[in-house]
Amino acid sequence: SSDVCSSDLVSARGPALLVLAQANHGKARALNRALTHATADVVVTLDADTVPDAGALAELRAAFADPTLDAACGVLRPAPARGVRARLAVWFQTLEYRRAFLWRLHWERCGSLLLVSGAFAAFRRERLSSVGGFDAHSAVEDYELLYRLRADALARGASFTARVVDRATAATDVPAGVGAFLRQRRRWFGGFILTLWRWRALVGDRRLGHLGRVHLRLKTIDLLLPLYGLAALAALGVLVLRGGGVDAAVWSALAAKLLVDVACLLWVARLYARWQGERLGVGATLAVLVSGLIEPVSFQLLRQCGAALGWIGALSGRIGWAPAAATTTERPCATSS
């Protein structure tokens, strides 16, 4: 059976394209409704603000020629923005995305990839349907789904494989303002906390291999991100405000950490450029160097503030998508077979 609404549209130019219209009840419910109409072996999720590059969909499709592949994602990069502040925000997030996708490549090779970004991802339809699709109660439905898929495979004694498809690239919009960024990171980190708590039984489960023994244990440590991130800055501020100066050993340790961070950022930039077949020019290298010097007292502080807000949201139960309420003018769907 399928849901049929009078507002649903079939494209006149492409009859295979069906546009499903419904009131805003969250992304997960929209995806789940679309899933009931899907008939292909592989389904792709794509956010409205994400634009795949030429050939990206074909790369995803080709990846699923491997019959053991269950889920995959493309490589996202922040789309360009206008205005000095917006471009600066995009640049910091560009560096962050590059680090994140290199980490995902590492986790994939360890057999423990735990996130395929729903903004541009693909799944075996049968696997996705068998676990009930996306969780409409989760603030991070794409992240939670991978836990559920892996737990389901474990319960059935089956394997589960997820990949990053390096040539399936796409541009996506990212927050260009502080408020929007903090709201996004509040939802992301709060959703991460609630998801990890929900699936805490998987942490340390040796049947999951590297995922259970190493990856999920490291993710548990990540829960403390705002504590050790903001506490270090607060401690330094207290030392300065108390007067008498800060011990030279402290400044030396901070300088050493900064140098290590900058070196790591430059290394990541080179690794990413090599992975994606890009050329890292002198200008881009200098931009990475400058970013590495100012990121600890700017972008990283915002990330940690977002994580702290995520803790507040998770503990208060006020986190997640905020779908619009149905109105009296909404026309209900009828079910037909």
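Atoms considered below: every heavy atom in the structure, side chains included; atoms not considered: hydrogens, waters and symmetry mates. Here, residue 1 is the first one in the sequence, and each next residue gets the next number.
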Heavy-atom nearest pair, L182 first then C305, reads CD2-CB, 4.1 Å
As an exercise, state the distance from SG of C73 to CZ of F101, rounded to the nearest 0.5 Å.
5.0 Å
Same cluster (ILVMFWY, side-chain, under 4.5 Å), F123 and L35:
yes
Between Y97 and Y272, is the ring pair (Phe, Tyr, Trp, His ring centres under 6.0 Å) condition met? List the steps.
CA-CA 10 Å; Y97 271 55; Y272 185 90; over 10 Å; no
Angle between ring planes, F192 versus F189, binned at 30° and 60°: parallel, tilted or perpendicular?
perpendicular
For L145 and L128, what are the C-alpha separation, side-chain angles and deciding distance, and is it a side-chain contact (heavy atoms from CB on, under 4.5 Å)?
CA-CA 9 Å; L145 175 62; L128 185 55; 3.5 Å; yes
Say whether, by atom type as modelled, one donor and one acceptor occur between the side chain of R187 and the main chain of A139 under 3.5 angstrom.
yes
Hey, does the side chain of S138 reach the backbone of V140 with a donor-acceptor pair shorter than 3.5 angstrom?
yes
Nearest non-hydrogen partners of A56 and T169, listed with the distance:
CB-O, 3.4 Å
Scanning both residues in full, the closest heavy-atom pair of A170 with P52 reads CB-CA, 3.6 Å
Test item: R125 side-chain N/O and A40 main-chain N/O as donor-acceptor pair under 3.5 Å
yes
Are the side chains of R217 and V203 in touch, meaning some heavy atoms are under 4.5 Å apart?
yes
Hey, what's the ring geometry for H210 with H106, parallel, tilted or perpendicular (30° and 60° as the breaks)?
perpendicular
Could you check V84 against L88 for side-chain contact (heavy atoms from CB on, under 4.5 Å), going step by step and ending with a plain yes or no?
CA-CA 6 Å; V84 175; L88 186 61; 5.5 Å; no
Give, for atom CG of L20 and atom NE2 of H37, the distance between the pair rounded to the nearest 0.5 Å.
4.5 Å
For the OG atom of S252 and the NZ atom of K257, what is their distance to the nearest 0.5 Å?
15.0 Å
Salt bridge or not between R124 and D70? Use side-chain N to carboxylate O under 4.0 Å.
no
Can you confirm whether V165 sits close enough to V75 that some side-chain heavy atom of one is under 4.5 Å from a side-chain heavy atom of the other?
no
Please check this pair: side chain of D49 against backbone of T172, looking for a donor-acceptor N/O pair closer than 3.5 Å.
no
Report yes if the side chains of D261 and L265 come closer than 4.5 Å at any heavy-atom pair, otherwise no.
no
Exam field: side chain R61 to backbone A58, donor-acceptor pair closer than 3.5 Å:
no
Taking atom CG of L113 and atom CG of L105, what is their separation to the nearest 0.5 Å?
9.5 Å
One pair to check against side-chain contact (heavy atoms from CB on, under 4.5 Å): K27 and L31. What are the steps and the verdict?
CA-CA 6 Å; K27 179 181 174 181; L31 290 171; 3.9 Å; yes
Output the distance between atom CG (L266) and atom CG (L271), rounded to the nearest 0.5 Å.
11.0 Å
How about F120 and L76: do any of their side-chain heavy atoms sit closer than 4.5 Å?
yes
Please check if atom CD in Q184 has more than 12 non-hydrogen atoms from other residues, nucleotides or ligands closer than 6.0 Å.
yes
Under a single-linkage definition using a 4.5 Å side-chain heavy-atom cutoff for Ile, Leu, Val, Met, Phe, Trp and Tyr, are L208 and L149 assigned to the same hydrophobic cluster?
yes
Checking the side chain of Q276 only, and the main-chain atoms of D166 only, is there a donor and an acceptor separated by less than 3.5 Å?
yes
Does atom CZ of R200 have more than 12 heavy-atom neighbours from other groups under 6.0 Å away?
yes
Got a salt bridge between D135 and R198, using NZ or NE/NH1/NH2 to carboxylate O under 4.0 Å?
yes
Are V116 and L46 grouped together when hydrophobic residues (ILVMFWY) are joined by side-chain heavy atoms under 4.5 angstrom apart?
yes
Closest approach of G292 to L258 (non-hydrogen atoms, all atoms of both residues)
O-CD1, 3.7 Å
Taking NZ, NE, NH1 and NH2 as the nitrogens, is one of them in R77 or E96 under 4.0 Å from a carboxylate oxygen of the other?
no
Donor-acceptor pair, T220 side chain versus L216 backbone, under 3.5 Å?
yes
Do L259 and W251 belong to the same hydrophobic cluster, where Ile, Leu, Val, Met, Phe, Trp and Tyr are linked whenever their side-chain heavy atoms lie under 4.5 Å apart, directly or via other members?
no
Validate the cation-pi geometry between R104 and W107: distance from NZ or CZ to the six-membered ring centre under 6.0 Å, angle to the ring axis within 45°.
no
Supply the atom-to-atom distance W91 CH2 to S291 OG, rounded to the nearest 0.5 angstrom.
5.5 Å
same_hphob_cluster(I193, L315) at 4.5 Å side-chain heavy-atom cutoff:
yes
What heavy-atom pair brings I221 and Y228 nearest, and what distance separates the two atoms?
O-CE2, 4.1 Å
Side-chain heavy-atom pair F181, Q93 within 4.5 angstrom cut-off:
yes
Heavy-atom nearest pair, L225 first then A307, reads CD2-CB, 4.1 Å
Less than 4.5 Å apart, any side-chain heavy atom of V268 and any of V288?
no
With a cut-off of 3.5 Å and sequence neighbours excluded, list every side-chain donor-acceptor pair involving residues 153-162.
| residue | atom | partner | partner atom | Å |
| --- | --- | --- | --- | --- |
| R156 | NE | D152 | OD2 | 2.9 |
| R156 | NH2 | D152 | OD2 | 3.3 |
| T161 | OG1 | T68 | O | 3.4 |

Can you find a pair of side-chain heavy atoms, one from W311 and one from L223, that are under 4.5 Å apart?
yes
CA sep, side-chain torsions, deciding dist, call: L114, Y147, side-chain contact (heavy atoms from CB on, under 4.5 Å)
CA-CA 7 Å; L114 206 54; Y147 281 79; 3.3 Å; yes
Is any side-chain heavy atom of L146 closer than 4.5 Å to a side-chain heavy atom of L115?
no
